[in-house]
Each structure stands twice: as C-alpha cells, then as structure tokens.
Amino acid sequence: MTDLSKIRNFSIIAHIDHGKSTLADRLIQHTGGLSEREMSEQVLDNMDIEKERGITIKAQTVRLDYTAKDGETYQLNLMDTPGHVDFAYEVSRSLAACEGALLVVDAAQGVEAQTLANVYQSIEHDHEIVPVINKIDLPAAEPEQVRAEIEDVIGLDASEAVLASAKSGIGIEDILEQVVAKIPSPKGDRDAPLKASLVDSWYDPYLGVVILVRVIDGVIKKGLNVKFMVGETEHLIDRVGCMRPKIEQLPELGPGEIGFITAQIKEVEQARVGDTITTVKGGATEPLPGYKEVQSVVFCGMFPVDAADFEKLRESIAKLRLNDASFTFETESSAALGFGFRCGFLGLLHLEIIQERLTREYDLDLITTAPSVVYRIQMGKSKTEPAGELMLHNPADYPDPSRIDVIEEPWIKAVIYTPDDYLGSILKLCQDRRGIQSDLTYVGGRAQVTYELPLNEVVFDFYDRLKSISRGYASFDYEQIGLRQGDLVKMSILVNNEPVDALSMIVHRDVAEARGRGMCERLKDLIPRHLFKIPVQAAIGGKVIARETISAMRKDVTAKCYGGDISRKKKLLEKQKKGKAKMREYGNVSIPQEAFIAALRMGEE
Amino acid sequence: MARALYIHWPFCLKKCPYCDFNSHVRDTVDHAAWEAAMLRDMEHEALIAGDEALESIFFGGGTPSLMPPALVGALLNRAQQLWGFAPDIEITLEANPSSVETAKFADLAVAGINRVSLGLQSLDDEALKFLGRLHSVDEGLAALDVAQNHFSRVSFDLIYARPNQTESNWQAELTRALGFGTDHLSLYQLTIEPNTRFATDVRRGVFNPLDDDPAADLFEVTHQLTEGAGIPAYEVSNHARHGQESRHNLTYWRYQDYCGIGPGAHGRRGDQATLRHKKPENWLSGVDEHGHGLRKERALSRPEQASEALLMGLRLAEGIAFPMLSERFAIPFDRLIDQDRLTMLRDLGFVWQSNERIGVTSRGMPVLDALLGELVNSELVTA
C-alpha cells in the first residue's frame, strides 16, 4: 500500500482541442508509463470515436509513479474525464474521486465556456487547481493575456501558472512538481469499513465489466465479497489493479487510491456510476453522497434502413448497452419506417455517438427520426378515458389536442461564452429560440451570457447554429432547470400529401411557421426530383402553414446506347435498385435516408 | 444466329475530350497484321454464329475511316464468303469529315460500303474547337457533299446541349442541318462521361455542363423540328425518314443477336454475351495465341436478358411487343414490368400501351433512365 501522503489524485480540465489528451500522453511518457514506441497518439481515448472527435466519453485513469525533486516517489492518479455537458454526471463522479485538477488553457484561444463550467464544478468539489497555459510555442500564443483572463474570469491565482507546450514537451516537469506540491493528498482510514466510490464502468470483452473505483476508507482486495449499496447486488472481487496505462494487477487498493476491479459482472447496468461499494460483512451503513439515477433527456427513433436488419439492430443496441447503461431503448413501430427502437440519451452528442457506433461498429444503416425531449401533458377526461398525466417522448403519441389541458416542456439554463463580436447574433439566436436572458457579463473582449431556454429549441440545431454564427469561437454549457408550461403543438410534414411520421415534431406555436418553412425548404433540396411535381407541406392539424414544391425531373437519359453499352446501362439499373433500397416511400415519393437526418440538422437558416 | 456484324477499328488521330469509347492513338499501325488478325477474329465468330446471311455490317470505332479501303474490302469479301449477304445488306462505316478521309470515299464505296455516318458534330467552328475536333465546318460540309455523291445513304452526327448553348442557337443550327437532305440524323446531347478530359475539366471548373432544365428544352425543340421535317425520332437520339432507320442499330435495340469483332467489341449470341480484349495490343496477341480476340464469354440468365431487352427496346419509339418478350424469356408480363408503376407512368403521360406493345412517349424520352428504373421489374435486376 501507498502512504496517503504520497498519493495525488487529479483530473485535467480543458476545452476541446486545448491539448488535454496530448498533455496526458506527455505525462505518461515522462513518468515512464509507456515507451516512445508504445505511445499511440492519445492513449487515453480508446474508442475510435473518441480519437476522431477529440472527446472523451468514458472516464479513464492512469497511475504514474513520479520521483519528485524532494527525492520521494509519489503515486499520481490522473483521471481523464468526459468533457461534454451530456456526460455532466459522469464528470461530477470523476471529480469527486480527485483532490485537484490541472486547468489547461490554450495560450492562443483563452478560456472557453466549457472550461468555465468544468472548473466551477471542480471548485465545488473543493479541488486545488493548478493552472497550465498550454501551446505557448504557437505563434499566436498570448500567455500573459491568458494568465490575466484566468485571474479575471475564473478568479484563480495564475501567477504561478505553468507555461507549457505538451506537444513540444515544454513544462512537463514543472507540472508534475506542482501536482505534488499543490494538490492535497487524499484522506481516508484504512481500518474503517470499506467505502469505495464507483466512478465509471465499461465492458471489456475479455474481462467482463471493469469498474473504476476510488477507495475512500478501508481496503479492497481480490476474493472479497462486496455489496453495491444502491444496486443492492453482491459480487466476489476477482481482480484488482490499476492502469499504467497497461493493466497491472495489484494485491489491493487502499484508501485514497484509484484503480479498477472486476467481479464477473456481465452488464454495466449492474455497476452504476455513483454507487458505493462496501463489504458484505461489516460493511458501511451509509452510502457516499451524490448518487443520481441517469435520466434520458433526448429521445429519437432509430430504424434499420433495411427492414431485415431489425434483429441485428436489436442485438447491436443490446450489446452497446452492455457498455453504456445511460441510454434506454424500447421497440417502436412506425407506419413508414417499420420496426425500430425509441431510444433515450443523455443529450444530443450522446445520441450522435450511439448512432455513429451502431453504424460503424455494427455496420448498420439507420434512419434516425427528429430528436425530441420529454413533455408532460395533463389530460382532461374524455367520454371513455379518465383525466391523467402523460410523459410524451414521441411526437407520434401526441394525443387528441382537445384532451390536452396543459403541456409542459423541459427548460435549461445555458451559459454561453463568446468573443463579443458575435454577441449580437448570439443574442438574436437565443431570442429566436424563445430564450429568456438572465445575465450578461462582459470580461475583457469577451462576454458571458446566461439564458433560460426550452430544451426542445436546443436539441434541434442550436449548437450547430451557435458554432456557425460565432465561427466556432462561442462555447456553450447547460444544466436542466425543470418543466414549464408552453403553447406547444404537433407539426406534421406532408410529402405529396402524405404525412411523414418520422419528420413530425412538437414545436411552440410561435415558431411553428418559421420552423415549418425551414423544413419544407430543406426537404425541397434533399428530396431528389421525381417524374412528377411534389408538394412538401408543414401542417398543424389540418392547417397548412408552409409549402414548397419540388418540380418534376426533366432530363435523365443516356444519350448514346449501342451494342456494347448494354452492360453499362444494366449497371445503372442495379444502381437505381440499390439506391431505392436506401429510400423510404411516402405517397410514391422516395425519400433518401440522408434527408431524414439532414432535414433535422438545419445548419443555415 | 446473328445477322449483324460489328467491326471495331480502335484507332484515332486524336482522342476527343468527350469520348469514352474504346479508342486509341498510335503512331503507326501495321495494316497487314491488323488485316490478318481481323480476318481470324471474324472467322472464329463465323464458325460459331455464321449460319444466316448478314443483313448489316457496321464499321465503328475509333475512326474506321482511317482504315485503308483495301482492308475494308478484304474484310467485306471474307464476311460475304463466311456468312453470305442478304440482297439489300446495309454496310455502314463511321467517317470523320477530314479532307484526307473524304478522299477515300470513292474507294470505300467500291469496297462495298453503302452507308456512311459522318461525324460532323457541329456547324459552328467555335463549337468544333471546344469539342476538340480536327475539322472545320467548311471541311465537314465538303465531306458531306462528297459522301452524298458516293453513298446511297448518309447520316451525320451533331452534338448539342453544349455549355451555354441557347435554344435559338440550336434551333438555327439544327434547321440548317435539316436542309442538307440526309434521311438520317444522330443528335446527341453532350454528356460528361467519367474518365474523359471533359470530366476533368468539369471537376476543375473549366466549364459547367448545361443544366438539365435547358437541356430538356433543347430536347423538345429537337423532337419538334425533326418531326416537322419528316425525320422523327425513332430512338432517343436517332432520327430518320420512315424506312431509313439504321438497320444495324435497330438490331441492338430490338435485342437481336449480333457478332462483334475487333478490340473491345461486344456481341450477343443467344444467351451468351461476348466481349473482346479492349486494348489493341492485347487483342492482337489474343488473336495470335488463340485465333480470336475474345476476353470473355458470359452466359446471361433469362431475367438478365429480359432486362437488357427492356432497356434497349424502350429506347425505340416503336416500344416493345410484350407478349413476344414474355414468350422469348418465359417470364410473364407482370414480372417483366412493374404493373403499378406502369399504370402510374401511363397516367402521367410518360408511357403508352396498346394491345401488344408498350413504349415511351416523346414526353417520356428525356427521362427514360428514370422511367426504366421504375418500370423494369426489380426482380430482373441483380443488386
């Protein structure tokens, strides 16, 4: 076991692209965790999606042995946390397992909203924060200005901020020294009953479910019978270890230590983030505070393009869920899309990640319907049914409007941080999305604006719009603040006079017309010309509120066709047939699957 | 079996930027070696599919007008020995309207050519330059004049729907062309084929092809003007006075058998598709080693043949005789043609149907490929 005073547990807070992963790699390399040869770029992000998008989805830790200038060897546990708001709960559990954090700020970009949100969260956990100004060797680096920004905006003392370049290996030693010197060692009692926090869990095909734990009190070791206090299940620990980042088995994990355990668990659902692990015999009586049930915030339907893939989709979703208990699914059937699943997600990014993994790792072609939030509907009684409450997460289940007394929708508090050049457009965007401004603060050349916004306006395409109008500079973070009543209606989209159920959505009456017009215009571009004119309409009930027409195709013919060209022509037919297999037909109109996805991602307005 | 013979001459002086046909530029061509090889390839084909007299022969390319007339004569003599000629056999040769080639017309006529298809392509010098042609309008018209003196039947090609071409511009060009007194015209819309210089040009933004809507307008104008002049469209891009249609090409479109010899030539022998080596040198060495230039003989399934017959037949204004096709391929009509789509497309005025035949209307022709995708029963298509 390691003496508590020689342990440092810390995370890295950074905005996307500010160099978190590179810095983590550099720290691992510097302390000898991996040789140069073994370093594949960004060791900690395991999944392809994580690497490509530069985001972290699952929390990871790596244990580093560092011999400091004082001659002592320290056990440093570096926790890599998910950086996105969708995974805020996972972040909070990861942060709770640490005593401090490195705040990495890009010397050219400065502080971003996401950084702010995470740093405040870190401060809430009483973390000691070590500022690092990264990428100082960039031509556009302005370390002094960023130092001032950290002090002004966040209110941290940045006088001793490390000037670093993870890429070039500058300042790495200084960072490690500051971790040892500034971040407090954990507290804990080896002799108290076991209390370990379940930080994260994931499915490994060889080891089963791997659980990342932080031991608070007591000792966890192989052969111990443990109890998950919230999950109320018991398991026999069969493996204890840490990552360096290669797996290393250990005899035990003592107080203050972070590491992993396995206990022949088959599904991550049984190892819920935030649970408390204790011993079956003589265990703790009270779980650690802070456990929350995960709740799906955004819903959408996922259907196989090829109906024959339904079983494959079911299996794939079930497999993914083995590794991610935070999304939910149930069977759904749609008149046009056939059988599929209604899935619930932590947020839009989470939705995209699952969608991408299904497509990529399981080789499935999917049609994804409009993302929707959960509405609470109070229904008056009808002749046949009593009054009641309905939690609506699928526009297809929208009840008879005459029975609706009240509809409530979830709202969020959004914090947007932007160079003030873009402030005007951002305020307009928020206003257009029914936002209510609650705060606006200017800091240097930047502004921080807080808005209350209906979540349904945000799931639509808010983030894309925000990025586009601020040329990528504005950053955004949010938290949910409960349900509020709204004048919400169901808008249907009709193609060639047939409603396309997958495109119907619930919108506020005030924005319905604009949204409907946008959808129709978008679809006009997305649906290829047919042999006849196609009206595309948006309607509320029987009332058409927007209309576009796709004009008929006028030319599609092979001009020259003699003997030898038959094979080529036949390929054309084959291509047409393949193309059709990827389309859905509504009223004789073939709609390509891209149209469903793109129609809902209204990039430009 | 086959009553049509196609002979491919793969050489050109220069590759045209729009052309994706099997054409090659070579400094020298050993005509004696080519004559010998062509004869062997022909003999091989006649051995398999030579039991009926030929009704048509077509020299295509490449630029077959670059062939020495004596070579053409030798091939025709041998073909006559092998197959025999029907009394009114049509023997067409594709010709470039350059002065050098025009000088051969008299000898080609003597060799047996009785129909010429002249690659005039445009009546506008600027356009000819854009199309990468080596001749001028004056040269082209002179060639046409000579051709009309030597051959009983003359056709010529024009390429329209060129970038920025206006309706009035094309109307004037076509009206002039209709005044030349030929009974057959091939009028092609310019299409940008992959792996051509034009495809590269378009990708690099050197020029933009004409949009579909104006191109469709030009197609309509073409059909009106030719119809008015008494040489209506009998195929998507081919126009003829009644009885003056290209019999050889009708063989393809009516999905009858044809032999194809020379590099890259395709053929159909009953339920077999034949394909010859494309590259001239490979074809030559193939003939040398095996006595023929065949690269592949592939059996076509009945559904495959049926789909080909539909693809080709519906290009013709006369359409297809569906009871005959059903019988030929032993596939019931409703499995040849998607009946729901047929009804829909008939109601939309794209397709006509009589007791025995269905066909595409002149309104439907410019969108034929889309119609085929709807009409041809997907069971016939492997995808």
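Order of the sequence lines sets the chain letters (A, B, ...), proteins ahead of strands, with each chain counted from 1.
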With respect to chain A, which residue among [options] yields the maximal number of heavy-atom pairs within a distance under 4.5 Å?
| options | value |
| --- | --- |
| B:Gly373, B:Pro366, B:Ala216 | B:Pro366 |
| B:Gln189, B:Glu308, B:Glu374 | B:Glu308 |
| B:Val367, B:Asp212, B:Thr191 | B:Val367 |

Go through the atoms of [X] and report whether side chain, backbone, both or neither lie under 4.5 Å from a heavy atom of chain A.
| X | answer |
| --- | --- |
| B:Ile159 | neither |
| B:Arg268 | side chain |
| B:Leu345 | side chain |
| B:Arg276 | neither |
| B:Phe58 | neither |
| B:Tyr6 | neither |
| B:Leu348 | side chain |
| B:Met365 | backbone |

From [X] atom [atom1] to [Y] atom [atom2], the distance as rounded to the nearest 0.5 Å:
| X | Y | atom1 | atom2 | answer |
| --- | --- | --- | --- | --- |
| B:Ser307 | A:Glu574 | OG | CD | 8.0 Å |
| A:Lys560 | B:Glu235 | NZ | CD | 11.5 Å |
| B:Leu368 | A:Lys555 | CG | NZ | 13.0 Å |

For this session: Please work out which of the three classes, parallel, tilted or perpendicular, describes the rings of A:Tyr562 and B:Trp253, given edges at 30° and 60°.
Result: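 Because their plane-to-plane angle lies in the 30° to 60° range, the rings of B:Trp253 and A:Tyr562 count as tilted.
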
Over 12 non-hydrogen atoms of neighbours within 6.0 angstrom of [atom1] in [X]:
| X | atom1 | result |
| --- | --- | --- |
| B:Asp347 | CG | yes |
| A:Phe339 | CZ | no |
| B:Lys278 | NZ | no |

Problem set entry | Salt-bridge contact A:Arg568-B:Glu193 (side-chain N to carboxylate O under 4.0 Å) |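 Looking at B:Glu193 together with A:Arg568, the answer is yes, because their closest N to O distance falls below 4.0 Å.
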
For this session: Under 4.5 Å, counting heavy-atom pairs only, tell me which of A:Cys561, A:Ala552, A:Gly579 racks up the most with chain B.
Result: A:Cys561

Exercise. What residue, out of A:Lys571, A:His530, A:Lys570, has the most heavy-atom pairs lying under 4.5 Å from chain B?
Worked result: A:Lys570

Hey, are the side chains of [X] and [Y] touching, using non-hydrogen atoms and a 4.5 Å cut-off?
| X | Y | answer |
| --- | --- | --- |
| A:Arg554 | B:Asp217 | yes |
| B:Arg315 | A:Thr558 | yes |
| B:Tyr255 | A:Ile566 | yes |

For this session: Check step by step if side-chain contact (heavy atoms from CB on, under 4.5 Å) holds for B:Arg341 and A:Asn588.
Result: CA-CA 9 Å; B:Arg341 294 297 162 154; A:Asn588 285 330; 4.3 Å; yes

Problem set entry | Test item: A:Lys569 side-chain N/O and B:Leu311 main-chain N/O as donor-acceptor pair under 3.5 Å |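 Checked: no pair found.
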
Problem set entry | Exam field: side chain A:Gln576 to backbone B:Asp369, donor-acceptor pair closer than 3.5 Å | yes

Exercise. Quick one: what part of A:Leu572 sits under 4.5 Å from any heavy atom of chain B, side chain, backbone, both or neither?
Worked result: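 Contact with chain B: side chain only.
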
Exercise. Which residue pairs pass the salt bridge (charged side-chain N to carboxylate O under 4.0 Å, His left out) test when at least one of the two sits in residues 525-543 of chain A, sequence neighbours left out?
Worked result: A:Arg529-B:Asp213

Problem set entry | Heavy-atom pair with the smallest gap, counting every atom of B:Ser237 and A:Ala559 | OG-O, 2.8 Å

